[in-house]
Asker: 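Sharing a structure below in structure tokens format, with a few things to ask.
Naming convention: chains lettered A, B, ... in sequence-line order (proteins, then strands); numbering from 1 in each chain.
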Amino acid sequence: MVLELQQRLGARICAVLKEKYDLAIENISLETPPDLRFGEIATPIAFELARKLRKAPKIIAQEIVTALGAIDGFAGFEVAGAGYINARLDRAAAVQMAVSDEALPSSKELLNAIVEHTSINPNKAAHIGHLRNAILGDTFVRLLRAAGCKVDVQNYIDNTGVQVADVVVGFLHLEGKSLTDIQEIIRNCEMHRALGSARQQSSFDYYCWDLYARTSQWYTSGTTEENEARKRLRYDTLHAIERGGNETSEIAELISTAVLKRHLETMQRLGIEYDFLPRESEILHLKFWEAAFEQLKQSGVLYFENEGKNQGCWVMSRATERVQDQAGPEDDAKVIVRSNSTVTYVGKDIAYHLWKFGLLGRDFGYKPFFAYPNHECWISAEHGETQHPHFGAARAIYNVIDSRQSDPQANVIQALRGMGHAAEADHYTHFSYEMVALTPRCAIELGYDVSEEDLSRAYIEVSGRKGFGVKADDLIDRLIAATRAEVDARQTGVPSGRFVLAGVGTARSEAERHRIATQIAIGALRYFMLKYTRNSVIAFDFKDALSFEGETGPYIQYAVVRIRNIFRKGGTTPEAVLAEFASQSAAAGKSAGQQKVTSNTPQNSDEGTKCQDTASVVPQEAQKNTEALAPAASLTAWLSSEENEDIWSLWLRAGRFSLVLDQCIAASEPAYLAKHAFQLAQEFNNFYHKHHILTEEDVNRKTFLLATAAVALRELVKALSLLGIESPEAM
RNA sequence: GCGCCCGUAGCUCAGCUGGAUAGAGCGACUGACUACGAAUCAGUAGGCCGGGAGUUCGAAUCUCUCCGGGCGCACCA
């Protein structure tokens, strides 16, 4: 609603500037004034034009205002301050717009996009850092889809790296396990899992977490000779895995696949699903790099270095500035192919991204891998199924990768551009975010040894290698336990201050309690990860993450539950109320437009009768009284009176959704939506305390208040669902 | 040494492309539950927006510089 009106106003101002001053200004900056006293939309355009036109801003503003005339949806314009133009909305009209829930303007060309996120090395359990990645990525996917974009979700699996080799070394050489032993361990974990045993017994990824940390330590814990032998073992294992077709690579595949399944299960708890899992092993075996190498050589992006420190390597110039007159080797260049003719990580990444944009001329094989209730997730394979969906060849890609990787990401973009794929380079977004670290207090709480130096820091980086961090499933389990305690407390009538009314705590089944607790826990977790903007480091602390008050997911969910309770108690539904309110205000709007008051009383229409019988003892009088005023007039009065400013403010906030969505996508920043949802819930709670809806005697006003609640509900549920947070029926 | 990010209330953070009186949450203190459930609401206190200079009618926001903190910059993967 607000977005639409802003666009309308912007276009009109644009036209005025054109005809009046012959100025072609594309983007009229429009903003939200700090206070409703200044109207709903404002523009400082007159300030910008002051110098160009050599006139005082105030005079320009006045000229524009007079030239604007009347615009549909606006009540008027005025000049304020030193030259602001403030626009006041036609509040009754705006409310009607908000009720109709306008379709989203699909302003964006319908881009076919790939969002890649999660991408956890399949050698250990997921930790809180991975949660931030996956939640950010998943939420962004939801935002893009809401805006009408077709999105494939990919989760890149580096199953041939040293990290996997380390766990293989651990199993084979530290634990002396064989292939069949490992199969047995995995089977055992799955059995324990089915029985609902504790995480330590039932999670293969937890087993690997510890083993990986032990192996990492083992490499440096022996004598110098021993350590060297161990390192050799490590690289022999790595190379065997990369080659494939041997028992070591078979073990690696077994481990990484089992851990990957655990990751998908963990993420599924948060409502996160994937479409395709491309694996590094296929990028290797299907010779993606060889195809890319040819293209890179032909385009001249890579060149062979004959001297200097990178002698014998294929390298890529790093920076954009090419100092031509500077002779000699470019030691600063990025090595893509080593002197032993193996390819670096960035090289493989370039090949992979050429595939993403459909520029490689090769494709993966595809096999189904993981079944979600509503769709299948596919995985790359050397020899896939003949029938499979098509991935890749996207117009835009978003890589959710932490900010430490911005250098290699920039390298890939630079290579694309150098190869002449400028459009692709422009649509390549490194969706970067800062890490999740632990506060020293949290680290101590978890029982880790914290050094003196770390104690003095604000936060300590998590490390999978050291086994230092909070595992994702542990956190989710703790959250569910905490929310479950709250749900039970509200259930058994142990009140947090208030008497629990009979009937309020109607006995809920075990399954129901569990479901509610889970919804709240996930809501708390997702909101916690989304409320910070991307480039702020989250210093993780259980106290903050386990909080359900204030700016949290449960706060917003609670507002939803409150609204639902109102409708439940009132014996009506949001849909019915909105339908009634819409027909009422539409009819009234028409009559008001004709300057005539009709005797039409929409309250008596069949739609609205349900909520009538409980309240309104004096329907006849009430109708008589409001007849003189007519719903439109009273609506306008309610929306503009001082003591109802909170109601109008709530409607206005509710109408900002598409504007916020636009901003989120433009800035790749889901936190804006999180903020919006919280503010909306906050305004609703304020409204809730101030106006008691069900005891309102004026039936027209009661309908109006119910409609306000209904729109708030609709917008809250919509915003929450885009944040991946469910709206519980009860709490 | 080079590059990127951060520095805003006691703490954790918002502040969109420069704009009107710098906002939330937590914590502290005061109040409000026999109402549609208080996982809530109202109120009070708390700020040279790291320092300095510049651009501008106008700077938390842009530029430069200094200070403080974090992360990158390998033929590792």
Asker: Looking only at the side chain of A:Glu280 (C-beta and beyond, no hydrogens), which of the listed nucleotides B:C36, B:A77, B:A39 gets closest?
Answerer: B:A77

Asker: Indicate, with a heavy-atom threshold strictly under 4.0 Å, whether A:Gly161 touches base, sugar-phosphate, or nothing.
Answerer: sugar-phosphate

Asker: To the side chain of A:Val162, which of B:A77, B:A20, B:C5 is closest?
Answerer: B:A77

Asker: Measure the shortest side-chain to side-chain distance between A:Cys664 and A:Phe140 over non-hydrogen atoms and say whether it is less than 4.5 angstrom.
Answerer: no

Asker: Contact class for A:Ile520 vs. all strands (heavy atom < 4.0 Å): base, sugar-phosphate, or nothing?
Answerer: base

Asker: In whole Å, what separates the C1' atom of B:G70 from that of B:G31?
Answerer: 43 Å

Asker: Taking both distances under 3.5 Å as the test for a Watson-Crick or G-U pair, what stems of at least three pairs does RNA chain B have?
Answerer: B:1-7 with B:67-73, B:10-13 with B:23-26, B:28-32 with B:40-44, B:50-54 with B:62-66

Asker: Answer with base, sugar-phosphate or nothing: what part of the nucleic acid does A:His430 contact at a heavy-atom distance below 4.0 Å?
Answerer: nothing

Asker: What is the nucleic acid contact for A:Gln409, judged by heavy atoms within less than 4.0 Å: base, sugar-phosphate only, or nothing?
Answerer: nothing

Asker: Need one value for A:Gln405: base, sugar-phosphate or nothing, where a base atom within 4.0 Å counts as base even if backbone is also close, heavy atoms only.
Answerer: nothing

Asker: When we call it a touch if two heavy atoms are under 4.0 Å apart, what does A:Gln679 touch: a base, just sugar-phosphate, or nothing?
Answerer: nothing

Asker: When rounded to the nearest 0.5 angstrom, what distance separates CD1 in A:Ile128 from SG in A:Cys442?
Answerer: 6.5 Å

Asker: Is there a donor and acceptor pair closer than 3.5 Å between the side chain of A:Asn310 and the base of B:A74?
Answerer: no

Asker: Name the closest nucleotide to the A:Thr533 side chain, picking from B:A14, B:C71, B:G25.
Answerer: B:A14

Asker: Please pick, from B:C36, B:C75, B:A14, the nucleotide with the shortest atom-to-atom distance to any side-chain atom of A:Arg338.
Answerer: B:C75

Asker: Is it the case that A:Thr215 and A:Asp166 place a side-chain donor and acceptor less than 3.5 Å from each other?
Answerer: no

Asker: Answer with yes or no whether the side chains of A:Thr160 and A:Glu242 bring together a donor and an acceptor at under 3.5 Å.
Answerer: no

Asker: Nearest of B:A77, B:C36, B:C41 to any side-chain atom of A:Tyr555?
Answerer: B:C41

Asker: Check the side chains of A:Ser727 and A:Arg564 for a donor-acceptor pair under 3.5 angstrom, ignoring hydrogens and angles.
Answerer: no

Asker: Using salt bridge (charged side-chain N to carboxylate O under 4.0 Å, His left out), reason through A:Lys543 and A:Asp541 one step at a time and then give a plain yes or no.
Answerer: CA-CA 5 Å; A:Lys543 184 177 135 297; A:Asp541 199 320; over 6 Å; no

Asker: How would you label the contact of A:Val561 with the nucleic acid (heavy atoms, under 4.0 Å): base, sugar-phosphate, or nothing?
Answerer: nothing

Asker: Using a heavy-atom cut-off of under 4.0 Å over every strand shown, decide if A:Glu669 touches base, sugar-phosphate, or nothing.
Answerer: nothing

Asker: Counting any heavy atom closer than 4.0 Å, what does A:Tyr672 reach on the DNA or RNA strands: base, sugar-phosphate only, or nothing?
Answerer: sugar-phosphate

Asker: What is the distance from OH of A:Tyr345 to P of B:C76, rounded to the nearest Å?
Answerer: 13 Å

Asker: Distance check, P atoms only: B:U8 and B:C48, in whole angstrom units.
Answerer: 11 Å

Asker: Under 4.0 angstrom, heavy atoms only, what part of the nucleic acid is A:Asn685 near: base, sugar-phosphate, or nothing?
Answerer: sugar-phosphate

Asker: Please report the distance separating the P of B:A14 from the corresponding atom of B:A9, rounded so that it comes out in whole Å.
Answerer: 13 Å

Asker: Determine whether any donor atom in the side chain of A:Ser339 lies under 3.5 Å from an acceptor atom in the base of B:C75, or the reverse, and answer yes or no.
Answerer: yes

Asker: Of the candidate nucleotides B:G72, B:C41, B:A39, which contains the atom at the shortest distance from the side chain of A:Asp407?
Answerer: B:G72

Asker: Looking at every strand, decide which applies to A:Asn86 at a 4.0 Å heavy-atom threshold: base, sugar-phosphate, or nothing.
Answerer: base

Asker: Do A:Tyr555 and A:Asn685 have side-chain N/O donor and acceptor atoms under 3.5 Å apart?
Answerer: yes

Asker: From the set B:C36, B:A24, B:A42, return the single nucleotide nearest to any side-chain atom of A:Asn565.
Answerer: B:C36

Asker: Any base atoms under 4.0 Å from A:Arg568, or only sugar-phosphate, or nothing? Heavy atoms, all strands.
Answerer: nothing

Asker: Is there a side-chain contact between A:Trp289 and A:Ile336 (heavy atoms, below 4.5 Å)?
Answerer: yes

Asker: Under 4.0 angstrom, heavy atoms only, what part of the nucleic acid is A:Glu549 near: base, sugar-phosphate, or nothing?
Answerer: sugar-phosphate

Asker: By nearest atom, which of the nucleotides B:C71, B:A39, B:U40 is closest to the A:Arg404 side chain?
Answerer: B:C71

Asker: On a whole-Å scale, what distance lies between the C1' atoms belonging to B:C5 and B:G10?
Answerer: 25 Å

Asker: With a 4.0 Å cut-off on heavy atoms, is A:Ala42 in touch with a base, just the backbone sugar-phosphate, or nothing at all?
Answerer: base

Asker: With nearest nucleotides of RNA chain B determined for A:Val335 and A:Tyr532 from heavy-atom distances, which residue corresponds to the more 5′ nucleotide?
Answerer: A:Tyr532

Asker: Distance check, C1' atoms only: B:U17 and B:A60, in whole angstrom units.
Answerer: 16 Å

Asker: If you assign A:Tyr459 and A:Pro57 each to the RNA chain B nucleotide with the nearest heavy atom, which residue ends up on the more 5' nucleotide?
Answerer: A:Pro57

Asker: Can you tell whether the side chains of A:Lys675 and A:Glu669 come within less than 4.0 Å, N to carboxylate O?
Answerer: no

Asker: Choosing from B:A77, B:C36, B:U40, which nucleotide comes nearest the side chain of A:His689?
Answerer: B:U40

Asker: Work out how far the P atom of B:A22 is from that of B:C66, and round it to whole angstrom.
Answerer: 31 Å

Asker: Enter the distance from A:Leu652:CG to A:Leu36:CG here, rounded to the nearest 0.5 Å.
Answerer: 6.5 Å

Asker: Distance only, no hydrogens: is a donor on one side chain within 3.5 Å (strictly under) of an acceptor on the other, for A:Ser432 and A:Gln409?
Answerer: no

Asker: Taking the P atom of each, how far is B:A74 from B:G3, in whole Å?
Answerer: 15 Å

Asker: What nucleotide among B:C71, B:C36, B:C26 has an atom nearest to a side-chain atom of A:Met435?
Answerer: B:C71

Asker: How far does the C1' atom of B:G54 sit from the matching atom of B:A59, given to the nearest Å?
Answerer: 11 Å

Asker: Is any side-chain N or O of A:Glu434 under 3.5 Å from a base N or O of B:C5, one able to act as donor and the other as acceptor?
Answerer: no

